[in-house]
**Q** 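Mind looking over this structure? Questions follow.
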Amino acid sequence: MTTQVADVEHGHENGHGPATGITRWLFTTNHKDIGTMYLIFSLVMLFIGGSMAFVIRAELFQPGLQLVEPAFFNQMITMHGLIMVFGAVMPAFVGLANWMIPMMIGAPDMALPRLNNLSFWILPFAFTMMMSTLFMDGGGPNFGWTFYAPLSTTYAPPSTTFFILAIHMMGASSIMGAINVVVTIVNMRAPGMTYMKMPMFCWTWLITAFLLIAVMPVLAGVVTMMLMDIHFGTSFFDAGGGGDPVLFQHVFWFFGHPEVYIMILPSFGVVSEVIPTFARKKLFGYHSMVYAIVAIAVLSFVVWAHHMFTVGMPLAGEIFFMYTTMLIAVPTGVKIFNWVSTMFRGSMTFETPMLYAIAFVILFTIGGLSGIMLALAPVDFVYHDTYFVVAHFHYVLVPGAIFGIFAAVYYWLPKWSGKMYDESLAKFHFWVSFIGLNLTFFPMHFVGLAGMPRRIPDYPLQFADFNMIVSIGAFMFGTSQLIFVYVLIKTLRSGEKAPQRPWEGAEGLEWTVPSPAPYHTFATPPKVD
Amino acid sequence: MLQNVRILSVLFALFPAIAWSEWEVNMTRGVTDTSAAVFDLHMIVFYICVAISVVVFGVMFWSIYHHRKSKGAESHPFHESTSIEILWTIVPTIILIIILVPATKTLVESYDTSESDMDIQVTGYQWKWRYKYIGQDVDFFSVMTTPSDEIYNKADKNPNYLLEVDNPLVVPINKKIRFLFTSNDVIHAWWVPALALKKDAIPGFINESFTKINKPGIYRGQCAELCGKDHGFMPIVIKAVPEEEYIAWLDERKSLKEKEASASQKDWTMEELMAKGEQVYNKSCSACHQPTGVGLPPVFPALKGSAIALGPMDDHLDIVFNGKSGTGMSGFGEQLSAVDLAAVVTYERNAWGNNVGDILLPADVEKMKGGK
Amino acid sequence: MNVARPLPLVLICVAMFGFGFLLVPLYSVFCEWAGINGKTAGAYQESTTDVKIEDRIVKIQFISNHNANLRWPFKPAEEQVSVKIGERRQVMFVVTNPTNLPVVAQAVPSVSPSEAAPFLHKIECFCFQQQELFAGEKKAMPLVFFIDSDLPEHIKKLTLSYTLFDVTPAVDEKLVQR
């Protein structure tokens with residue numbers, strides 16, 4: 001696919017820039033402003049969720065209970081999971097989509113700008129409500145981010161109702177964001193920009209948006225059932241009234257597994273933009289990449305019960321879910337091979353976005369391979385609910401989602417701000433993060449295999465040494481994100497002026513507008529051959 | 001001096017080279033045929049994964065090293081090759097099939113539902129396990145015995161820290177055992193790594209699993225499904241013994257029950273009950289209500305001077321026996337013997353300055369326990 | 001040019017929300033059919049054809065539990081019986097309400113191995129209705145069942161478990177709402 005811009009006239013200003021003061025942010029319908037707000041919100045959430053991880057790792061630094069009581073520890077693990085998933089990763093991707101999709105497809109803005117404003121402004125209220133439960137009588141949610149019934153219904157703290165409402169609000173926000181993305185991509189592509197010429201990031205987001213539209217309502221359904229069980233005397237999940245607690249897990253994971261891909265597909269897109277740029281070579285196998293994403297998305301609907309191999313499924317069920325899960329490895333493998341081939345015989349340089357993208361490929365592959373191990377039902381009887389699982393999903397989510405986001409931020413920051421970041425500081429941030437991350441999550445494989453269950457506030461002595469290493473790694477990884485904030489501030493304050501196309505190998509419409517991108521871009525659509 | 005020792009020991013903990021040999025980095029091979037099969041499967045897949053990553057990362061690092069711009073590498077504009085893309089769709093599929101064959105075999109074997117030699121019902125409670133030997137009239141609770149002083153770092157931790165219980169599950173070796181799992185409250189998961197056995201215990205429903213232990217020994221595990229506050233404190237201990245030893249243990253267990261029954265018919269004196277009650281209290285109650293009876297308000301109320309401990313006997317027994325729903329107070333009616341219940345209630349009414357002066361006889365508790 | 005309006009997408013959302021709830025009946029139908037969780041079907045519908053009694057003998061174990069809030073001693077009169085395939089058998093479960101309040105309870109059955117669940121037919125069972133016991137009342141509750149001749153050959157022993165759940169508060173709540 002070649003995207004060449006015929007019309008250079010685009011990008012001229014419509015005459016009115018942003019409003020001033022707080023109203024600019026409250027009432028804005030500009031995709032760039034909303035994108036910025038999403039990204040800042042996500043950064044704040046990253047630090048809040050991260051500080052909870054600090055509490056968890058500090059308590060697990062040594063055996064015995066030192067800092068927090070088990071009841072509070074359970075609230076920390078729950079909130080850490082919920083905030084990272086719904087507060088840090090998903091809003092960051094929506095922020096990137098807001099900023100980049102219109103600029104990548106040559107559209108002036110998102111298709112539904114008012115909805116866009118609403119879907120952002122729901123989030124701060126949802127999270128304020130959810131976090132306020134920590135200060136309520138009986139504490140906040142303490143049943144893990146998977147909130148299995150009946151621990152989350154009959155045995156839950158009273159604040160669970162607030163948690164349910166907060167989930168509803170986050171779900172509504174995500175659905176609105178997703179509808180906006182679909183409508184924008186389908187309707188507002190520049191003339192000549194066919195689907196098969198679209199940048200990979202847009203493709204991955206289009207699929208992600210469909211996944212969101214399909215599964216967020218299911219999550220809303222499951223929390224509604226919880227609400228009814230708690231307050232209206234139904235018994236969806238209570239065996240005493242004819243319900244079944246296992247049903248909860250089925251419905252939850254019907255949402256939960258596609259959710260995992262919602263958190264990784266946009267990262268695939270980012271990496272597919274970054275690697276070709278810095279290898280100065282076209283993305284290898286564009287078509288197979290697209291088919292692979294579609295295959296992953298479709299398969300994600302028929303694998304959910306691999307999260308529940310130990311609930312006592314019939315043999316046929318175990319075999320079915322084991323096979324479908326293994327099948328997902330095929331399209332995922334295709335993607336990894338394509339990225340490696342893109343690097344092969346390229347002309348590579350290693351700026352910070354590229355470093356993050358390469359780390360993404362390596363570490364995500366490690367996470368994917370442990371995923372293959374977990375997919376095997378008989379061995380999963382041992383792995384299930386141990387630190388091996390914790391290691392696995394942190395390997396796919398931290399280097400997967402978070403590193404993908406870092407790669408995107410460093411890659412497009414010059415376009416957003418019009419200024420270059422400090423390359424050596426950014427590389428320092430990368431290396432400290434990379435080492436900290438592996439120090440944190442790699443030893444978790446060992447303690448998990450040796451038999452440490454997840455979600456415990458205290459552990460037997462044989463796990464002590466590795467847990468201490470994990471905690472040190474976690475402190476390092478967490479603290480290194482302060483460098484990221486410093487890099488951001490330094491860029492905005494005193495970064496050098498960025499050219500229109502700061503990366504030699506970069507292609508795509510976003511590099512045809514000036515840096516920083518003007519408040520309104522592509523008021524007249526560009527023409528793509 | 002002490003300060004120096006402490007600093008040194010912290011440094012030692014940071015560089016535990018000496019302990020290296022004891023670090024466990026892999027799954028246990030276990031002591032059953034299933035666990036050995038699972039271990040082998042785990043290792044096969046692990047090596048396949050290592051091989052895949054060597055190839056993929058090998059190509060990648062080779063390109064990173066050789067095809068860098070600083071070495072003058074030129075970009076080659078190839079970006080599609082249908083044949084190679086088909087190849088790397090088919091090869092992984094074949095590898096996956098190679099993995100799935102032994103995996104399916106092991107899975108089917110672990111579902112071998114042929115008749116078992118014995119059946120044990122395992123019930124999860126917040127936060128303890130109950131074992132019932134079906135058809136044997138043996139039924140007991142298994143509670144963690146690690147003292148709170150060790151958990152709160154006031155005493156040195158013993159080697160089995162958090163992995164020790166008062167009544168281990170005793171089973172014979174070389175017998176096919178069928179476990180039936182269920183739960184009394186929330187979902188728990190019964191997990192013993194050495195048996196490669198993990199199964200959820202779900203309230204209202206039963207799950208089954210089979211095992212046959214080949215080697216005598218003590219095997220320890222933990223609850224694997226988040227089940228509330230003390231999820232990390234409900235270990236599992238299995239003692240696998242030769243069959244004769246198991247039968248002897250079973251007889252002893254049954255006679256213990258008779259002894260308990262006859263003990264409850266005896267006339268107990270105030271002094272005897274108080275002495276016994278103090279033991280029971282310190283084992284079962286003092287973690288929350290504290291050894292001095294002052295509790296940890298507001299969550300765990302004081303018993304010293306409390307309205308219940310000084311009020312009518314029936315209400316007092318009721319709360320100890322049945323617990324109080326919506327609070328951390330669980331019922332001890334099934335877990336403690338009639339003598340223990342009578343003793344601990346008597347103790348609570350007459351210790352730490354509480355001075356009701358009445359006693360509860362085990363025979364009265366026995367009536368409540370099931371009205372034989 | 002393609003035109004996508006938000007409305008169809010919103011409809012997909014509504015449909016998926018409904019689908020979440022649809023999973024509930026789907027799941028119970030599927031469970032009953034496949035015996036997942038050892039769920040058993042409701043009362044056996046008498047058919048006009050006589051059930052043939054075979055020589056094959058199956059052992060049935062009975063176990064009893066009760067949920068956290070209920071303190072009723074609850075036991076099967078016999079822990080294990082052997083029945084011929086097709087033979088009707090009655091067993092009793094004995095329950096006592098030791099408290100000084102009337103309590104309503106619901107028994108929830110579960111069969112293991114779960115693949116045997118569809119072949120256990122209950123003609124009469126105390127689990128079909130909620131059971132109310134007055135303070136101190138003791139009651140023997142009957143279960144009449146037979147095993148279907150389609151039971152897979154390799155199943156020689158099956159376990160039927162009953163868990164009693166306290167449903168008193170739930171009943172009260174409904175009264176309050178009216």
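Note on naming: letters A, B, ... go to the chains in the order of the sequence lines (proteins, then strands), and numbering restarts at 1 for each one. If you're wondering where the values come from, they're calculated on a predicted model, not measured in any experiment.
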**Q** In the structure I gave you, are the side-chain heavy atoms of A/L449 and A/Y383 within less than 4.5 Å of one another anywhere?
**A** yes

**Q** Does the side chain of A/K335 reach to within under 4.5 Å of the side chain of A/M289, using non-hydrogen atoms?
**A** yes

**Q** Assess the residue pair B/Y125 and B/S183 against the criterion (side-chain hydrogen bond (donor to acceptor under 3.5 Å, both in side chains)); give the C-alpha distance rounded to whole Å, side-chain angles, the decisive distance to 0.1 Å, and a yes or no.
**A** CA-CA 6 Å; B/Y125 283 69; B/S183 165; over 6 Å; no

**Q** Select one option (side chain, backbone, both, neither) describing which atoms of A/F337 are under 4.5 Å from chain B's heavy atoms.
**A** both

**Q** Considering only heavy atoms, which portion of B/Q126 lies under 4.5 Å from any heavy atom of chain A: side chain, backbone, both, or neither?
**A** side chain

**Q** Given the side-chain rings of A/W145 and A/F252, with only the six-membered ring counted for Trp, is the space between their centroids under 6.0 Å?
**A** yes

**Q** How are the rings of B/H67 and B/W62 set to each other: parallel, tilted or perpendicular (split at 30° and 60°)?
**A** perpendicular

**Q** Taking side chain as C-beta onward, heavy atoms only, is B/F61 less than 4.5 Å from B/S63?
**A** no

**Q** Regarding A/E504 and B/K69, does a basic nitrogen lie under 4.0 Å from an acidic carboxylate oxygen?
**A** yes

**Q** Can you tell me which portion of A/I319 sits under 4.5 Å from chain B's heavy atoms? Options are side chain, backbone, both or neither.
**A** both

**Q** Quick one: which of B/C227, B/S70, B/G72 has the most heavy-atom pairs under 4.5 Å with chain A, could you say?
**A** B/C227

**Q** Checking B/I95 against chain A: side chain, backbone, both or neither under 4.5 Å from a heavy atom?
**A** neither

**Q** How about residues 30-44 of chain B versus chain A: which residues have heavy atoms under 4.5 Å apart?
**A** B/V38, B/L41, B/H42

**Q** Measure B/V108 against the heavy atoms of chain A and call it side chain, backbone, both or neither at under 4.5 Å.
**A** both

**Q** Side chain, backbone, both or neither: which part of A/A279 has a heavy atom under 4.5 Å from chain B?
**A** backbone

**Q** Against chain A, label B/E85 side chain, backbone, both or neither, depending on which of its atoms sit under 4.5 Å from a heavy atom there.
**A** side chain

**Q** I'd like to know which of A/I366, A/N338, A/D238, A/I372 tops the heavy-atom pair count under 4.5 Å against chain B.
**A** A/N338

**Q** Under a 4.5 Å heavy-atom cutoff, which of B/S209, B/A73, B/G204 has the most pairs with chain A?
**A** B/A73

**Q** Side chain, backbone, both or neither: which part of A/S341 has an atom under 4.5 Å from a heavy atom of chain B?
**A** both

**Q** Taking heavy atoms only and a threshold strictly under 4.5 Å, list by residue number the residues of residues 150-160 of chain B that touch chain A; give 'none' if the list is empty.
**A** B/I151, B/Y152, B/N153, B/K157, B/N158, B/P159

**Q** Is the A/F442 ring parallel, tilted or perpendicular to the A/H445 ring (thresholds 30°, 60°)?
**A** perpendicular

**Q** Flag the one option from A/A377, A/A71, A/G144, A/P63 with the top tally of heavy-atom pairs under 4.5 Å to chain B.
**A** A/P63

**Q** Ring centroids only, cut at 6.0 angstrom: are A/F446 and A/F388 within range, meaning strictly under it?
**A** no

**Q** Taking A/I358, A/I336, A/V447 one by one, which has the highest count of heavy-atom pairs under 4.5 Å against chain B?
**A** A/I358

**Q** Tell me, for B/A196 versus chain A, whether the close heavy atoms (under 4.5 Å) come from the side chain, the backbone, both or neither.
**A** both

**Q** Measure up the A/F237 and A/F248 rings against each other and bin them: parallel (under 30°), tilted (30 to 60°), perpendicular (over 60°).
**A** perpendicular

**Q** Out of B/T28, B/I187, B/I90, return the one with the most heavy atom pairs under 4.5 angstrom to chain A.
**A** B/I187

**Q** Can you say whether B/F233 sits under 4.5 Å from chain A via the side chain, the backbone, both, or neither, judging by heavy atoms?
**A** side chain

**Q** Measure A/P460 against the heavy atoms of chain B and call it side chain, backbone, both or neither at under 4.5 Å.
**A** both

**Q** Dump the intermediate steps for side-chain hydrogen bond (donor to acceptor under 3.5 Å, both in side chains) on B/T82 and B/E80, then the final yes or no.
**A** CA-CA 6 Å; B/T82 313; B/E80 228 149 12; over 6 Å; no

**Q** For a 4.5 angstrom cut-off between non-hydrogen side-chain atoms, does A/F73 reach A/E69?
**A** no

**Q** Please check if the side chain of B/R220 supplies one atom and the backbone of B/L163 the other of a donor-acceptor pair under 3.5 Å.
**A** yes

**Q** Side chain, backbone, both or neither: which part of A/P443 has an atom under 4.5 Å from a heavy atom of chain B?
**A** neither

**Q** Please tell me if the side chains of B/P203 and B/D185 come closer than 4.5 Å, counting only heavy atoms from C-beta onward.
**A** no

**Q** Taking side chain as C-beta onward, heavy atoms only, is A/M322 less than 4.5 Å from B/L100?
**A** yes

**Q** Give the member of A/I362, A/D380, A/T386 that has the highest number of heavy-atom pairs under 4.5 Å with chain B.
**A** A/I362

**Q** Side chain, backbone, both or neither: which part of B/I52 has an atom under 4.5 Å from a heavy atom of chain A?
**A** side chain

**Q** A/W339 and ring pair (Phe, Tyr, Trp, His ring centres under 6.0 Å): which partner among A/F360, A/F278, A/F284?
**A** A/F360

**Q** Against chain A, label B/S110 side chain, backbone, both or neither, depending on which of its atoms sit under 4.5 Å from a heavy atom there.
**A** side chain

**Q** For chain B, find which of A/I456, A/T310, A/V379, A/N74 contributes the most heavy-atom pairs closer than 4.5 angstrom.
**A** A/T310

**Q** Determine the option with the most heavy-atom pairs under 4.5 angstrom with chain B, choosing from A/V361, A/L315, A/V330, A/N142.
**A** A/L315

